[in-house]
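Structure, as structure tokens:
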Amino acid sequence: MSSFIGRRSLSSGISLIGLIVLIFFLSRLTGDPTGLYLPLDASLEARDNFRVVHGLNDPLIQQFGRYVADILQLDFGESIRKARPALEVVLEAFPWTLWLAAVTLFCVTIAAIVIGSLAAFNVGGPFDRLSGMLSLAAASAPDFWIAILGIFLFSVNLGWVPTSGTGTVWHWVLPVSVLFIRPFGLIMQVVRGSMINALSSAYVKTARAKGVKERSIIFVHALRNAMLPVVTVIGDQAAGMLNGAVVVETIFGFPGIGKLMIDSILQRDFTVVLAAIMVTALAIFLMNLLIDLLYAVLDPRIRY
Amino acid sequence: MQNVIKTIIGVSLLGAAISSAYAAGDQDVRIVLNEELDVVEPCMAARSNVGRVILQNVNETLTEFDAQQGGLKPRLATAWEQLDESTWRFKLREGVKFHNGEELDARDVKFSLERTVDKSMICEVGVKYFGGTEMAIKVVDDQTLEVTTTPAQPILPLLFSTVPIVPDSTPRNEFTRSPVGTGPYEFAQWNVGQNIILKRSNSYWGEQPAVETATYLFRSDSAVAAAMVQTGEADIVPNIAVQDATNKDTDFSYPNSETARLRIDVQVSPLDDRRVREALNLAIDREALRGSILSADVIPATQLVVPTTSGYNKDLKVWPYDPTRAKKLLAAARADGVPVDAEIKMIGRTNIYPNATELMEALMAMLQDAGFNASMQMYDVAEWNGLFIKPFPEGRKPSVLQAQHDNAKGDAVFTAYGKYHSQGGQSVLNSAHVDELIEQATSASGENRASLWQQLFAEVNGNIIADIPLFHMVGYTRVNPRLVFEPTIATNSELQLSQISFK
């Protein structure tokens, strides 16, 4: 087990280094940020001064060397836009994204497993047809449309929940609900398909012949074996959410890492972009490791 | 059935309880800005949203420009006089205290001015308003200071309406995250990503304003921000999109001091021919754009400053829509060997204002109808900057560039140099006469100054035809009916809480 973790850490570390090099040079290709930060009327002298202060006049390779040297001391540089350490900016936003992703995925997983399993139990029945139709609609619904619709229906017209923002548990209802819809549709379909296979297997028939209750057959015997592909898909969805839910964060004014990254890219705030990518890459690496370990728990045949 | 009714009543009551839980107190206001503040540093108050929070609320200035009536009002300075061509004396208000209890004196003002123009700070106010100006500041006594500028600045008191004053205990070489000022509100809290809270100061030297607490929230989606006023979650949204301004009782339009134009690259053929530039202006049906792609409240422009600016030339007329004459002018130019059929690239900037892309598409169609070989391309702001600001790309093709200019400071100097002087950062002009007019006007004062600016605009927009002036733009503000507040031309750069009262 420990050698597996070591190997995974090494390969992820190499990927991370490659990512840093790639993002550093690619982001510099997107242009000089001077014009974005100074007023349009700024003099040529002021523009030159800006470049000197932020080290943008130095050769690219020199900038990279300085960046690597700083990073080795865990100094990710200063955000030009926010005038404070880039890592501090990122670590302020990341917990919001992490919580949003965790709460949403928890709800999605529970709902998808229960509904997907019940649909698989009676394939072609009314519940299967209805849930299939709804999950397909959910998987294809655009986030921004659902979000705006949700605000106008549940906040403006019914007044049940706040339109946006943070502060109380009620502020989480709409963002989580909107984020819930698409992964739910997808994961529910995977659960259903996987459960159909599991329920038609020999050990389920044996359990039925022994008179085991249907609830136990579905949620104890079949579900555990059907979970491997489901865990894979959940992991994939989680990785997407850890990168931030840009649309949801933008519409609901949620201070997560997705909007921070997009704003930083648009503003050419290179240090924040790099810090954000490294933090999310690290989180995704840890999550993938967790999923691999979960495989072994779910299927004793898997050994590392 | 009874259970269903009970459930519905229960959920409704719960909803009502939630609504009241996030409603503001009677004397509190919630203001929704369209983007989160990156910094709260007073010397960055030239950025719209920083200005809306900080300017004259937390940090005051020596003078205050009256954007509606024109002219300067005393604020922290009670009087000022010009001692000679380049030296001004300012007398400070007595008995003014900063929120930290320190007394305001001339040393604080000297500190604030020097900090604002410090090159290592790169303050927006310093870069925007004091580029190329050296200041020597002498503290005469606690309440008096003299400022000598090189070159002479006849509008120094106006320039000082942009510099927020901080105590000399403020960090000298870094941005502060908890600004201290003399204004009617203290900077109480900054919950990054969520809100900023200002609280009324009990030690304010002036009249106590009605608002006790102001909470600033950040929503980039205009529809959501507007909905927040509807649900009672917010009181003012200074900037909503035209399509969200649907309620006459709560939504107010105001001139936002921005002027939209297309900059003509007069140095590149065929745009170096005046007839072609005139044809460009005649090809635009400005009336067709009002109330369709743009708000019906926009005002057709003749020049790059708004009518309340000193130096605005009233004699310039809006170009009529006359495609027939445009075609004749093009034919005459073609006959003289001008390559009028060359492709003219229309360089647009996405989201420079609402419906910017749609406007460019309409303008392209109008130019094509008049016989121009026009094509358009939209750029994001970073790429657009590379085309708008010097140095311009080598071997560039003929182009007109979508731009917008904000001048709410009442003097044309904030427009003229950068846009039209041959050394200006965004100028495509290279005219000795224009340069001379700008230099003369910059060092002149009073009526003579205004007259020289008028001559400049007559030259640039009447004689040379350097632009396709489009419109003086408007913004929309949504205001909760419980408040008394009317947005003005200044709302684009500041939002004074002391101007808000309750019904």
Side-chain angles (χ1 to χ4, degrees), chain A residues 30-47 49-50 52-54 79-84 89 92-93 96 144 147-148 151-152 154-168 170-171 173 250-256 259-260 263 266-269, chain B residues 11-12 14-16 18-19 21-22 32 35-36 38-39 41 46-47 119-120 122 124 126-129 131-132 174-175 177 191-195 217-221 223-225 227-228 230-233 380-386 388-391 403 405 414 417-419 423-426:
Chain A
T30 59
D32 180 0
T34 311
L36 295 171
Y37 288 94
L38 296 185
L40 290 171
D41 305 315
S43 64
L44 294 176
E45 185 199 0
R47 288 175 195 283
N49 178 50
F50 180 90
V52 170
V53 168
H54 293 287
S79 160
I80 303 179
R81 198 159 66 104
K82 294 180 182 285
R84 60 200 181 98
V89 172
E92 229 161 40
W96 289 100
F144 70 92
I148 295 286
I151 287 172
F152 279 90
F154 297 110
S155 303
V156 177
N157 289 322
L158 297 171
W160 289 356
V161 285
T163 55
S164 54
T166 55
T168 68
W170 300 106
H171 287 92
V173 173
T250 303
I251 289 179
F252 292 106
F254 219 81
K259 186 163 188 310
L260 175 72
D263 288 346
L266 291 174
Q267 293 286 324
R268 312 295 193 264
D269 199 355
Chain B
V11 170
S12 304
L14 182 66
I18 296 163
S19 301
Y22 55 74
V32 186
E35 60 183 18
E36 193 195 345
D38 294 318
V39 291
E41 164 58 50
R47 283 189 189 169
K119 282 184 180 167
S120 67
I122 314 182
E124 186 120 347
V127 171
K128 188 167 182 175
Y129 297 112
E174 61 183 74
F175 284 0
R177 288 172 56 76
N191 300 307
V192 176
Q194 299 174 71
N195 57 40
L217 305 162
F218 318 109
R219 302 287 182 273
S220 42
D221 191 283
V224 176
M228 289 173 75
Q230 220 173 326
T231 60
E233 289 172 69
D380 95 322
V381 60
E383 288 176 288
W384 176 89
N385 272 337
F388 185 49
I389 302 170
K390 283 178 181 171
H405 174 60
F414 303 113
Y417 188 87
K419 310 293 182 228
Q423 300 300 311
Q426 307 137 40

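All chains are named by letter (A, B, ...) in the order of the sequence lines, taking the proteins before the strands, and each is independently numbered beginning at 1.
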From [atom1] ([X]) to [atom2] ([Y]), nearest 0.5 Å:
X	Y	atom1	atom2	answer
Arg84(A)	Glu174(B)	CZ	CD	13.0 Å
Asn49(A)	Thr34(A)	CG	OG1	10.5 Å
Gln423(B)	Lys390(B)	CD	NZ	6.0 Å

Let me know if [X] has heavy atoms under 4.5 Å from chain A in its side chain, its backbone, both or neither.
X	value
Asp38(B)	both
Phe218(B)	backbone
Ile389(B)	side chain
Phe388(B)	side chain

Is chain B contacted by the side chain of [X], its backbone, both, or neither, given a heavy-atom distance below 4.5 Å?
X	answer
Ile148(A)	side chain
Tyr37(A)	both
Ala46(A)	side chain
Ile151(A)	side chain

Considering only heavy atoms and a distance below 4.5 Å, find which of [options] pairs most often with chain B.
options	value
Leu44(A), Val156(A), Val52(A), Leu38(A)	Val156(A)
Gly35(A), Ser164(A), Ser43(A)	Ser164(A)
Ser79(A), Gly165(A), Ala93(A)	Gly165(A)

Option in [options] with maximal non-hydrogen atom pairs under 4.5 Å from chain A:
options	answer
Ala403(B), Gly131(B), Ala227(B), Ala225(B)	Ala227(B)
Glu35(B), Gln230(B), Gln194(B)	Gln194(B)
Asn195(B), Asn191(B), Val224(B)	Val224(B)
Gly386(B), Ala382(B), Gly425(B)	Ala382(B)

Are any of the side-chain nitrogens in Arg268(A) or Asp380(B) under 4.0 Å away from the carboxylate oxygens of its partner?
yes

Please confirm whether the backbone N or O of [Y] pairs with a side-chain atom of [X], one donor and one acceptor, at under 3.5 Å?
X	Y	value
Glu36(B)	Gly193(B)	yes
Glu92(A)	Val192(B)	no
Ser155(A)	Pro162(A)	yes

Classify the ring geometry between Trp96(A) and Phe254(A) as parallel (under 30°), tilted (30 to 60°) or perpendicular (over 60°).
perpendicular

Could you verify whether a donor N or O on one side chain and an acceptor N or O on the other, from Thr231(B) and Glu233(B), lie under 3.5 Å apart?
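Side chains of Thr231(B) and Glu233(B): pair found under 3.5 Å.
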
Tell me if the NZ atom of Lys119(B) is crowded by more than 12 foreign heavy atoms within 6.0 Å.
no

